[in-house]
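Below is one structure; the comments refer to it alone.
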Amino acid sequence: MSRPVYFDNNGTTALHPKVLQAMLPYLSEQQGNATSRHIYGRSARNAIDQAREQVADAVGAHTSQVIFTCGGTEADNLAITGVAGALGKGRIAISSIEHPAVSRPAEALRWQGWELDLIACNQHGQVEKSSFVAILENRPDIVSVMLANNETGVIQDVAALGELARQHKAYMHTDAVQALGKLDLNFTDLNVHAMSLSSHKINGPQGAGALILDKRIDIQPLLYGGGQERGLRSGSENIAAIVGFGTACHLLATEVRTHRNKLVGLREHLEHGLCQLGAIIFGAEAERLPNTSFFAFEGIDGETMVMALDKQGFAIASGSACSSDSKEPSHVLLAMGIPPDIARGAIRVSLGNDNELHEINAFLQTLERELARLRKLTAVAV
Ligand code: PLP
C-alpha cells in the first residue's frame, strides 16, 4: 500500500534530511551540557551559538534578541505572561482569531484582574483596523496580533498595526509561527517588540522555538533555575532540537523561495477543483499563506469528512485542528461571522514542499466520491 498523502503541514512538517543530519551528533556522541566548561560543554555551547545566528539571520534579528524556548506555545506564553508579570496589572488587547497559545494566557491574565479587549476581524479574516484603533484608545499595555492565521492562512498587516500600537506606547507582540518559512520575515520591519517562532513548522524538529524580543522590554521568566537564555528560560538546553531549528532556519534562505512559487500553483489548482465541487473557501479574498486552503461544503460535517478522507489515504485537518478534542466550530470562522453550521464543515489542506500535482488531482477525485457518498447517507438519514 502506498503512503497516505500528507496535507497537514500547518499542523507539523516532516524533518528535513539535512536537519536530521545536523542533529544526529547531538543525539549520539556529543552529549555535553552547554553550561559545562569542558570540551563537550564548549562544543554544545558553540552549537547553540551557531543556531542562534541562523535563527537571527532568518528573521533579520540580532543574536541578542533570540530567546530559545521549547516551541511556539512557550514563546507566546513568555511574550504575554512574562511581560504582564513585569508590568503587574494592566490591560491587554488581542485579536479574536489568535491561537490558544496567545488567547489562553490572555484569558488567564483576565482572571488575575487584567482588562482584556478582543480586536474584531472582518468576513475575510483580516483584523478590522477600526476596531484596532478604537481599542488602542483604551490604552492597552500589551497588544498581540498574529502574522498569519493557522486555519485560514490569512496574513495581517502587522507592520501597520505595530506602528499604531507604538504610537500609543503599547508593547506589541506577533505570533509568526505560521509565517516563518512561508513569508519573508524581518523583525525590525514588523514594528513589533516581540515575535514567536516554532521549529516544527519549517521542517525542523518538534520541541524548539524562539521568542525574538526587543532587549529594552522588561520581562519576567516563566521558569526559574540555572539562568540559561539570559535568565529568561532556565533549564539545560535541548541542544539537538536547537541545532535542528537553526539548520531549518538556515535552509529557508536557500530552499524556500522556489517552493513558495510551486505551492501557490498547487493551491490555485486545488481551489479551482474545490470551487467546481461547490466548496466555500474561507479567506479567499484576503492575502493568504501560499500553502493553506480552508473550506467547507454545506451540509457536510468537517470531522466526518476528515475521517472519511483519512480512510482513503489523505491526512488533512478539520476546523478545530489545534484542539482536536473540541467539537466546537472554529473560533476563527465564528469571529469572521461564518454561521456555525457552515463552520462545523470546515476542513483544511495545508500543503508542504514535497506535495505534487498528482496528489492534488487524486485528492479532488476522492473528495468528489466521498462528498457524493456522505450526501447520500445524509439524505437517507433525513
Ligand atoms: N501559534 C500558532 C499560530 C500555531 O499554529 C501553533 C501551532 O500549531 C502554535 C502557536 C504553537 O506552536 P508549538 O506547536 O511549537 O507549540
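Order of listing sets the numbers, starting from 1, for every ligand and every atom in it.
Of the N or O atoms in Glu74, none lie within a sub-3.5 Å distance of an N or O in ligand 1. Of the N or O atoms in Ala148, none lie within a sub-3.5 Å distance of an N or O in ligand 1. Of the polar atoms of Ser198, at least one N or O is found under 3.5 Å from an N or O of ligand 1, judged by distance alone.
Contacts between Asp76 and ligand 1 below 4.0 angstrom, taking non-hydrogen atoms only, involve the side chain exclusively. Counting heavy atoms under 4.0 Å from ligand 1, residue Asp175 touches it through the side chain alone.
Residue contact check for ligand 1: Gln206 places no non-hydrogen atom closer than 4.0 Å to it.
Under a hydrophobic-cluster definition in which Ile, Leu, Val, Met, Phe, Trp and Tyr are linked whenever side-chain heavy atoms come within less than 4.5 Å, directly or via other members, Ile142 and Leu78 are assigned to the same cluster. In the hydrophobic cluster analysis, where Ile, Leu, Val, Met, Phe, Trp and Tyr join through side-chain heavy atoms closer than 4.5 angstrom, Leu164 is grouped together with Leu147.
Sorted by first then second residue, the ring pair (Phe, Tyr, Trp, His ring centres under 6.0 Å) pairs that include residues 178-211, not counting sequence neighbours, are Tyr171-His193. For the side-chain hydrogen bond (donor to acceptor under 3.5 Å, both in side chains) condition, the pairs that include at least one residue of residues 39-48, sequence neighbours left out, are Gln30-Ser43, Arg45-Glu237.
In summary, Arg373 and Glu370 engage in a salt bridge, as defined by a charged side-chain N under 4.0 Å from a carboxylate O. Taking a cutoff of 4.0 Å between a charged side-chain nitrogen and a carboxylate oxygen, Lys89 and Glu115 do not qualify as a salt bridge.
Using a 4.0 Å cut-off to heavy atoms of Asn150, the atoms of ligand 1 that qualify are 3 (C), 5 (O). Atom numbering of ligand 1 starts at 1 in the shown order; those under 4.0 Å from a heavy atom of Gly72 are 12 (O), 13 (P), 15 (O), 16 (O). Against a heavy-atom cut-off of under 4.0 Å, Thr73 is close to the following atoms of ligand 1: 11 (C), 12 (O), 13 (P), 16 (O). Close contacts between ligand 1 and His200 involve ligand atoms 13 (P), 14 (O), 15 (O) [criterion: under 4.0 Å to a heavy atom]. Atoms of ligand 1 found under 4.0 Å from any heavy atom of Gly71 (numbered from 1 in listed order, with element): 15 (O). Residue contact check: Gln178 has heavy atoms under 4.0 Å from atoms 3 (C), 4 (C), 5 (O) of ligand 1.
With a 6.0 Å radius and a threshold of 12 heavy atoms from other residues, nucleotides or ligands, Glu298 has its CD atom at or below the threshold. Crowding of His250 atom NE2: a count of heavy atoms from other residues, nucleotides or ligands under 6.0 Å not exceeding 12.
In this structure, the separation between CG on Asp76 and CD on Glu74 is 10.5 Å, given to the nearest 0.5 Å.
Closest heavy-atom approach to atom 4 (C) of ligand 1 within the set His99, Met146, Glu98: this belongs to His99.
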